[in-house]
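Keep in mind it's a predicted model, so treat the numbers as computed, not measured. Residue numbers begin at 1 in each chain, while the letters A, B, ... track the order of the sequences.
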Amino acid sequence: MSVRARRTLFPEVVIERDTDTDESSEEDEDEEVENDVVDSDEDEEEEIEDQKVNDDGGSSSVDTKGKKPITISLKKVCKVCKRTGHQAGFQGATYIDCPMKPCFLCKMPGHTTVNCPHRVAMEFGVIPASRKRTLSSLDYGFERQVRHRVPLIKPPFVIPDEVSCAVIRYHSRRVTCLEFHPTNNNILLSGDKKGQLGVWDFGKVYEKTVYGNIHGCLLNNMKFGPENDGMIYTASSDGTVSCTDLETGLSSSLMDLNPNGWQGRNSWRMLYGMELNAEKGLVLVADSFGFLHMVDARANSKIGDSVLIHKKGTKVVGLHCNPLQPDLLLSCGNDHFARIWDMRRLEAESCLHALPHKRVVNSAYFSPLSGTKIVTTSIDNRIRVWDSIFGNLDTPSREIVHSHDFNRHLTPFRAEWDPKDSSESLVVIGRYISENYNGAALHPIDFIDISTAAQVN
DNA sequence: ACTTTATGAAGCC
DNA sequence: TGGCTTCCCTAAAG
């Protein structure tokens, strides 16, 4: 259901409500609003007039020149729709939905988020996968044959006992990406809105390492060097790709899509999706105009022409190479599609499959072990799962309703596979609709079994 | 304690 | 197509 529907579907209900409350709607509401905002009004008449005029601008901040309070019998005013008879908005840590709007979670009318069947049970309306894939010894043997690259061995994670709790503020702006070190459990990298890169060392909590000279703005994506995990590749909205030594912080630029600086927003290219193709020694990045760029990581030179992989002028937000068949590339972006490509014959319009979504796609990943499943996150509040890339890709195998639709200001959530789950059925994603943690509204992290859509805790 | 602003997608004309 | 408006569970800066 589109945003448009929020408005078109509901006026009837609104009218019913109004007649319910016995008040002659429009003016009363205006009074209500005004009364709510300005506590000490004097002149009723003028106030109402003022408000009606100013209402067009939508701003209720119109300050007044000394007016007395209006006494109104009516109960409550909804902060969301400004209508009477109900209240919406935050009440303590809990957000009360406006009943005039479609459900914020599943986008369907007739209920609010609180009683949304998808919220009560995430499995609602989801047909489980016919068979849960588990890794047999045969699978293991098969994968040993097929797998190009043996995954790096990581020692078992042991929580160090010298620190029970530590909070260190690394970033002054919002964090845009996080990455665990592939071999060192103590290290977590974080990128932020200003382009800074934080190196968190769990074993050295009193040291703070932040590199601020790598990028000029949003650090959108990072990947550890496949051959040398002391190096980190980063892509930024400043249009550059950099390679940074984690120890020294020394970085080199691999590519700059805006060599002539700021020439206006119509030409400024921003980089979002990034992926490393270890077999080919390639750095792949995708920009905000729909193009894919390739850089030879060793020779530090651009390879071939840029290829239009999504609708021209739209942002490509994600790139992922298939773990077993790295020539298979998965991309996703703002044109509502995730696309599968064969890198060996890469040109505009040549994608093997286009996976349609109702709205913008935040992420698309092949499953980490077999590479045969795909999970995508779209801001239509649905996680989509394709059980096999060799099967029918016309429609997803499952759509799981989950809260991650929000407008701007925040970095989108991306559902990611749990790399430790050999059955490739566990996915991790941040949730927008908050949960009440002792009075604080916090956004939880959800673990979801994508074969049943059940939440796992 | 208040307002402004950064900022993105979608829908409408 | 482009310009304008709406969406309105943010958070820092002014």
Would you mind reading off the distance between Asp405(A) atom CG and dA9(B) atom P, rounded to a whole angstrom?
12 Å

Have a look at His443(A) and tell me which of Phe406(A), Phe413(A), Tyr432(A), Tyr95(A) forms a ring-ring contact (aromatic ring centres under 6.0 Å, His included) with it.
Tyr432(A)

Ring-on-base stacking between His409(A) and dG8(B), under 5.5 Å between centres and under 30° between planes: is it there?
no

Flag if over 12 foreign heavy atoms under 6.0 Å of CD, Gln263(A):
yes

Under 3.5 Å for both pairing distances: what stems, at least three Watson-Crick or G-U pairs long, include DNA chain B?
B:2-6 with C:10-14, B:8-13 with C:2-7

Arg431(A) CZ to dT10(C) C1': how many Å, rounded?
18 Å

Return the value, rounded to whole Å, for the distance between atom OH of Tyr432(A) and atom C1' of dG8(B).
13 Å

Winner on side-chain proximity to Arg173(A), out of dA9(B), dC9(C), dA12(C), is dA12(C)

P-based separation of dT7(B) from dC7(C) [nearest Å]:
22 Å

Select base, sugar-phosphate, or nothing to describe what Ser403(A) touches, counting heavy atoms under 4.0 Å on all strands.
nothing

Side chain to side chain contact (heavy atoms under 4.5 Å, CB included) partner of Arg269(A), the single match among Leu257(A), Val285(A), Asp238(A)
Leu257(A)

Side chains of His357(A) and Thr376(A): is there a donor and an acceptor less than 3.5 Å apart?
yes

On the ring face of Phe104(A), is Lys107(A) found with NZ or CZ under 6.0 Å from the centre and within 45° of the axis?
yes

Euclidean distance for C1', dC8(C) against dA6(B) (whole angstrom):
15 Å

Among dA9(B), dG8(B), dC9(C), which is the nearest nucleotide to the side chain of Val360(A)?
dA9(B)

Measure from CG on Leu410(A) to P on dC7(C) and round the result to the nearest Å.
18 Å

Take the protein atom CD1 of Ile433(A) and the nucleotide atom C1' of dC8(C), then report the distance between them rounded to whole Å.
14 Å

Would you say Lys315(A) reaches dA9(B)'s phosphate, i.e. side-chain N/O to OP1/OP2 under 4.0 Å?
yes

5'-most contact on DNA chain C (nearest-nucleotide basis), Arg408(A) vs Arg169(A), goes to Arg408(A)

Quick one: Phe104(A) CZ to dT10(C) P, roughly how many Å, whole number?
9 Å

Which residue lies more 5' along DNA chain B, comparing His336(A) with Lys193(A) via nearest heavy atoms
Lys193(A)

A quick test of your reading: do over 12 heavy atoms of other residues, nucleotides or ligands sit less than 6.0 Å from NZ of Lys208(A)?
yes

Which whole-number value in Å describes the distance from Asp192(A) CG to dA6(B) C1'?
15 Å

So does Lys311(A) have more than 12 non-hydrogen atoms from other groups sitting under 6.0 Å from NZ?
no

Who are the side chain to side chain donor-acceptor pair (under 3.5 Å) partners of Asp380(A), not counting sequence neighbours?
Ser378(A), Arg384(A)

Among dA10(B), dC9(C), dC8(C), find the nucleotide with the atom closest to the side chain of Asp97(A).
dC9(C)

Nucleotide dT7(B), atom P - distance to CG of Asn334(A) in whole Å:
16 Å

